[in-house]
Amino acid sequence: MRIATWNVNSIAARLPRLLAWLESAKPDVVCLQELKCATDAFPPEVRELGFEVAAYGLGRWNGVAILSRVGLEDVRRGLVDEPTFDDAAEPRAVGATCGGVRLWSVYVPNGREPGHPHYAYKLRWLEALRGTAVAESAADRPFAVLGDFNIAPTDEDVWDISLFTESTHVTEPERAALAALREAGLTDVVPRALKYDKPYTYWDYRQLAFPKNNGMRIDLVYANASFAGAVSDAYVDREERKGKGASDHAPVVVDLTL
DNA sequence: ATGACCCAAAACTTGGGA
């Protein structure tokens with residue numbers, strides 16, 4: 001089974017590339033983030049390719065989905081005890097069971113800057129993610145959380161750590177939240193880079209970040225032992241970051257032998 | 001080659017992204 005995660009930065013803007021990629025990469029399940037569309041506005045072309053879709057979006061911001069051609073059951077929108085921001089629920093998590101694998105597609109809050117209310121919200125949100133994972137990953141069933149975590153797990157996961165003082169994505173509390181997920185039994189499934197030595201998944205649109213390979217690894221696959229033990233390959237499809245009409249994130253592709 | 005940011009809303013700018 002081939003499972004992928006991709007922050008598409010607007011599914012409407014990315015639709016031609018997404019459809020072409022679904023046909024060429026042939027994933028069975030795809031976790032998407034930053035749809036930037038409402039649930040009802042999810043483009044029908046994806047279903048016409050043979051995918052069932054669990055979408056969760058409210059419009060301009062955020063939005064997540066799971067696409068599957070191996071079944072889509074027990075869809076859940078939102079985490080257990082999920083916090084709000086400015087008293088509003090945000091569409092950042094959707095769960096589903098696909099071909100016997102329990103999956104969550106997540107778009108972790110950015111945090112903006114340490115000390116900002118959005119940063120505290122990010123940490124609360126990650127605690128709710130941990131609680132949801134504990135509730136769902138105990139059994140033998142393969143389980144994974146895939147998505148844009150907005151955290152670089154180590155200093156090696158950014159191109160120049162010296163540029164990240166006073167920045168989110170690399171702070172100790174954010175990394176402690178990832179450690180808590182690992183302590184809950186999940187493993188960071190680190191993909192291969194298809195070029196250069198680091199498996200970055202995000203490169204800013206500005207300042208020639210992609211040609212310079214000034215990237216970050218922030219799109220992660222956190223899997224329980226049953227899922228992680230079945231991984232036969234994992235890689236970052238950096239070809240999708242190239243050219244006109246690219247997202248600023250590349251897909252992470254995981255192959256499982258179940 | 002991969003090339004100097006992109007997206008969507010109600011907009012002709014602005015907030016958000018990281």
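Naming: A, B, ... by sequence-line order, numbering from 1 per chain.
Contact between R238(A) and F210(A) at its shortest, heavy atoms only, is NH2-CZ, 3.4 Å.
If you take atom P in dC5(B) and the same atom in dA10(B), they sit 27 Å apart, rounded to whole Å. Between dA8(B) and dA4(B), the distance separating the two C1' atoms is 23 Å to the nearest Å. Using atom P as the reference point in both dG17(B) and dC12(B), the two lie 22 Å apart (nearest Å). For the P atoms, the distance from dA18(B) to dC6(B) is 16 Å, rounded to whole Å. Only the C1' atoms considered, dA11(B) is 15 Å distant from dG16(B), to the nearest whole Å.
Using a 4.0 Å heavy-atom cutoff across all strands shown, D204(A) reaches no nucleic acid atom at all. Contact annotation for K122(A): no contact, since no heavy-atom pair falls under 4.0 Å across all strands.
An OP1 or OP2 oxygen of dG17(B) is reached within less than 4.0 angstrom by no side-chain nitrogen or oxygen of H249(A). Contact check, N110(A) against dA18(B): a side-chain N or O comes under 4.0 Å of OP1 or OP2. In this model, the phosphate group of dA18(B) is not approached by any side-chain N or O of Y200(A) to a distance below 4.0 Å at OP1 or OP2.
If you check residues 148-173 of chain A against DNA chain B, the residues with a heavy atom closer than 4.0 Å are D148(A), N150(A), H169(A), listed by number.
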Please list each protein N or O that sits under 3.5 Å from an N or O in nucleotides 13-15 of chain B, with the distance.
residue : atom : partner : partner atom : Å
dT14(B) : O2   : R60(A)  : NH2          : 3.3

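Across the protein-nucleic acid pair, E239(A) atom CD and dT2(B) atom P stand 8 Å apart, rounded to whole Å. What separates CG of N62(A) from C1' of dA9(B) is a distance of 14 Å, to the nearest Å.
No donor-acceptor pair under 3.5 Å is formed between the side chain of D86(A) and the backbone N or O of A88(A).
Ion pairing of E240(A) with R17(A) is present here, as a side-chain N (NZ or NE/NH1/NH2) and a carboxylate O approach within less than 4.0 Å. Checked for salt-bridge contact, R2(A) and D255(A) meet the test: a charged N lies under 4.0 Å from a carboxylate O. Between D233(A) and R192(A) a salt bridge is recorded (basic side-chain N to carboxylate O distance below 4.0 Å). Salt bridge annotation for E127(A)-R130(A): present, with a cationic side-chain nitrogen under 4.0 angstrom from a carboxylate oxygen. A salt bridge links K242(A) and E239(A); the closest N-O separation between the charged side-chain nitrogens and carboxylate oxygens is under 4.0 Å.
Listed nucleotides: dT2(B), dA4(B), dA8(B). Nearest to the side chain of L208(A): dA4(B). Here the side chain of P211(A) is nearest to one of dG17(B), dA18(B), dT2(B), namely dT2(B).
If you check distances only, the side chain of K244(A) never reaches the base of dT2(B) with a donor-acceptor pair under 3.5 Å.
F164(A) and W203(A) fall within a single hydrophobic cluster, where Ile, Leu, Val, Met, Phe, Trp and Tyr side chains are chained together by heavy-atom contacts under 4.5 Å.
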